[in-house]
Amino acid sequence: MTKEDILSFIVYLLMLATAAIIGFAVITPAFKGVYEVNGMSVNAFLILSLIIACVLQVLLYELGHVIGAKLGKYKIISFNILGFCFYKKYDEKKKKFITKFKFPKPFDGLTGETLIIPESEKSTPIPFVWTPLFIFAIEVALLVFAYTFISDKVKGTQNPLMFLKYFQLILVTVGGMLFIYDYFPAKLDSITDGYRLVCLNKKININAFNELLKIEGDEFLGIDKETYRVFDDITDFTAKVNLLTVRNYLKNNDYQKADELLAKIIENQSKISSENLCKAKTYKLNILLMENKLEDAQKFYDSFNAKEKEYLKKTYSMLTIRTAILYFGIIEKSKQEVDVQLSRVKKALERETEVNKKNEKILLENAKEVLNKIIIKEEKEKWFITQF
């Protein structure tokens, strides 16, 4: 297991522990002696409140991102809540961007995702990161207010506002679990606000973050750019941006520039996440195989740890698929593994933007062409030995 996997597991345990502690130490005592809430049984109220609180808390969290994005001078291009996604798309007929809806639409995060692009060089992501936490602080303040001023009974009868107090308790409990994950100050299985806060205390990471948003925003909107900014100082954010530049170099068959950039990333592997390192090493292996440097490719693959080998073999991405068919087809001569990898192409392409789909199809065809040439050559040599 990688560091990110272990930390993610710990955070999920913390979330469950928080729910259990609040459930037994706060919610259960709070409902002691309460048999109904505004005419509804306590159990029915708790179930209904939990469902509403989960949806509302996720909505408030992403609305916090929207407000923060506006304060930081960013444009909203996608708003995704539990797969319900409103997004911008350029309409060729109307010659303008229109808002569309799609469900389900994948997202990177625990409950949703807001995609943004900077309006200018002065755009700052700090409000985008902090605003959801500020909204949660308001929720906690409202809970304190409710418990201070809303009593269960008024003149011997049940207070009509009683449900607000108990619903606010459930809402804050759900929010607490969500914010333990989203503001844990380390890289987990997705990029969280806590991780952003740790990284964005450096100017270079703010620049890289905005550059990354530009690239991802352009791809999301269907804009295909040939050049991206390259960062010499390697951090996890700058490595992520540089890897997108590597992809562009490969699209243009510029293996030398791609290899130079990858070498710098791999040399600084202690500064980047395991995900970015796995991706960088997969790109490096891809280049060695495409250039027919088979001995070097074998040695490089042998240096992979278990996680890196698993990433190559099991990740659903076009990069891993086209690299895996080359390695397992050429080096290990496993037609079965090649077939397995090719069966994943459709699903992997669905995760790509429209711009990338076209480019990735070309790169896959190039890899298949290299594979076929080597296999055909080897089969001919085998036939020659057999016959003569």
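For reference, positions follow the sequence shown, starting with 1.
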Less than 3.5 Å apart, any donor N or O on the side chain of [X] or [Y] sitting next to an acceptor on the other?
{"X": "Glu219", "Y": "Asn356", "answer": "yes"}
{"X": "Ser317", "Y": "Tyr311", "answer": "no"}
{"X": "Glu36", "Y": "Ser41", "answer": "no"}
{"X": "Glu211", "Y": "Asn207", "answer": "no"}

Under a 4.5 Å cut-off applied to non-hydrogen side-chain atoms, are [X] and [Y] in contact?
{"X": "Thr131", "Y": "Leu63", "result": "no"}
{"X": "Arg322", "Y": "Asn286", "result": "yes"}
{"X": "Leu200", "Y": "Pro125", "result": "yes"}
{"X": "Lys89", "Y": "Leu221", "result": "no"}
{"X": "Pro106", "Y": "Arg351", "result": "no"}
{"X": "Ile321", "Y": "Arg344", "result": "yes"}
{"X": "Lys88", "Y": "Ile98", "result": "no"}
{"X": "Met15", "Y": "Leu110", "result": "yes"}

Salt bridge between [X] and [Y], side-chain N to carboxylate O under 4.0 Å?
{"X": "Lys357", "Y": "Glu360", "answer": "no"}
{"X": "Arg196", "Y": "Asp193", "answer": "yes"}
{"X": "Glu308", "Y": "Lys281", "answer": "yes"}
{"X": "Lys309", "Y": "Glu332", "answer": "no"}
{"X": "Lys187", "Y": "Asp236", "answer": "no"}
{"X": "Glu365", "Y": "Lys368", "answer": "yes"}

| Does the pair Thr99 and Tyr87 meet the rule for a side chain to side chain contact (heavy atoms under 4.5 Å, CB included), with working shown? | CA-CA 5 Å; Thr99 300; Tyr87 63 99; over 6 Å; no
| field | Check against salt bridge (charged side-chain N to carboxylate O under 4.0 Å, His left out), Glu350 and Lys346 | value | CA-CA 6 Å; Glu350 288 174 358; Lys346 183 179 179 181; 5.2 Å; no
For residues [X] and [Y]: do they belong to one hydrophobic cluster (side chain heavy atoms under 4.5 Å, members Ile, Leu, Val, Met, Phe, Trp, Tyr)?
{"X": "Tyr166", "Y": "Ile47", "result": "no"}
{"X": "Ile22", "Y": "Ile51", "result": "no"}
{"X": "Leu342", "Y": "Leu289", "result": "yes"}
{"X": "Val26", "Y": "Phe163", "result": "yes"}
{"X": "Leu133", "Y": "Val140", "result": "yes"}

Rounded to the nearest 0.5 Å, how far apart are [atom1] of [X] and [atom2] of [Y]?
{"X": "Glu275", "Y": "Leu277", "atom1": "CD", "atom2": "CG", "answer": "11.0 Å"}
{"X": "Ser334", "Y": "Asp339", "atom1": "OG", "atom2": "CG", "answer": "8.5 Å"}
{"X": "Asn210", "Y": "Ile215", "atom1": "CG", "atom2": "CD1", "answer": "11.0 Å"}
{"X": "Ile287", "Y": "Asp296", "atom1": "CD1", "atom2": "CG", "answer": "12.5 Å"}

| task | Let me see the working for Ile331 and Gln298 under side chain to side chain contact (heavy atoms under 4.5 Å, CB included), right down to the final yes or no. | result | CA-CA 7 Å; Ile331 305 296; Gln298 177 70 77; 2.7 Å; yes
Treating [X] as the side-chain partner and [Y] as the backbone partner, does any N or O pair qualify as donor plus acceptor under 3.5 Å?
{"X": "Lys333", "Y": "Ile330", "answer": "yes"}
{"X": "Asn242", "Y": "Val230", "answer": "no"}
{"X": "Thr238", "Y": "Asp233", "answer": "yes"}
{"X": "Asn305", "Y": "Lys307", "answer": "yes"}
{"X": "Thr315", "Y": "Leu312", "answer": "no"}
{"X": "Ser49", "Y": "Ile170", "answer": "no"}
{"X": "Gln341", "Y": "Lys313", "answer": "yes"}
{"X": "Glu337", "Y": "Phe328", "answer": "no"}
{"X": "Gln57", "Y": "Leu171", "answer": "yes"}
{"X": "Gln269", "Y": "Ile266", "answer": "yes"}

| query | Going through the distances and angles, do Thr235 and Asn205 end up as a side-chain hydrogen bond (donor to acceptor under 3.5 Å, both in side chains)? | reply | CA-CA 7 Å; Thr235 69; Asn205 281 337; 2.6 Å; yes
Measure centre to centre between the rings of [X] and [Y], then say whether the value is under 6.0 Å.
{"X": "Phe179", "Y": "Tyr61", "value": "yes"}
{"X": "Phe237", "Y": "Phe209", "value": "yes"}
{"X": "Tyr327", "Y": "Tyr301", "value": "yes"}
{"X": "Phe9", "Y": "Tyr12", "value": "no"}

| Identified side chain to side chain contact (heavy atoms under 4.5 Å, CB included) counterpart of Leu115 within the set Asn80, Leu213, Ile77, Asp108 | Ile77
| query | Applying the side chain to side chain contact (heavy atoms under 4.5 Å, CB included) test to Phe167, which of Val37, Leu46, Leu56 qualifies? | reply | Leu56
Atom [atom1] of residue position [X] - does it have more than 12 heavy atoms of other residues, nucleotides or ligands inside 6.0 Å?
{"X": "Lys335", "atom1": "NZ", "answer": "no"}
{"X": "Gln256", "atom1": "CD", "answer": "no"}
{"X": "Phe97", "atom1": "CZ", "answer": "yes"}
{"X": "Phe24", "atom1": "CZ", "answer": "no"}

| How far apart are the C-alpha atoms of Glu121 and Lys214, what are their side-chain angles, what is the distance that settles it, and do they pass the salt bridge (charged side-chain N to carboxylate O under 4.0 Å, His left out) test? | CA-CA 11 Å; Glu121 295 297 324; Lys214 285 179 189 176; 3.1 Å; yes
| Is it true that the NZ or CZ of Lys165 lies under 6.0 Å from the centre of Tyr147's six-membered ring and within 45 degrees of the ring axis? | yes
| Within 45 degrees of the axis of the six-membered ring of Tyr316 and under 6.0 Å from its centre: does Lys347 put its NZ or CZ there? | yes
| request: For the pair Phe101 and Phe86, evaluate ring-ring contact (aromatic ring centres under 6.0 Å, His included) and give the outcome as yes or no after the intermediate values. | output: CA-CA 5 Å; Phe101 172 78; Phe86 293 90; 5.0 Å; yes
| message | With side-chain hydrogen bond (donor to acceptor under 3.5 Å, both in side chains) as the criterion, how do Asn248 and Thr245 come out once you've worked through the C-alpha distance, each side chain's angles and the decisive distance to 0.1 Å? | response | CA-CA 5 Å; Asn248 259 22; Thr245 299; over 6 Å; no
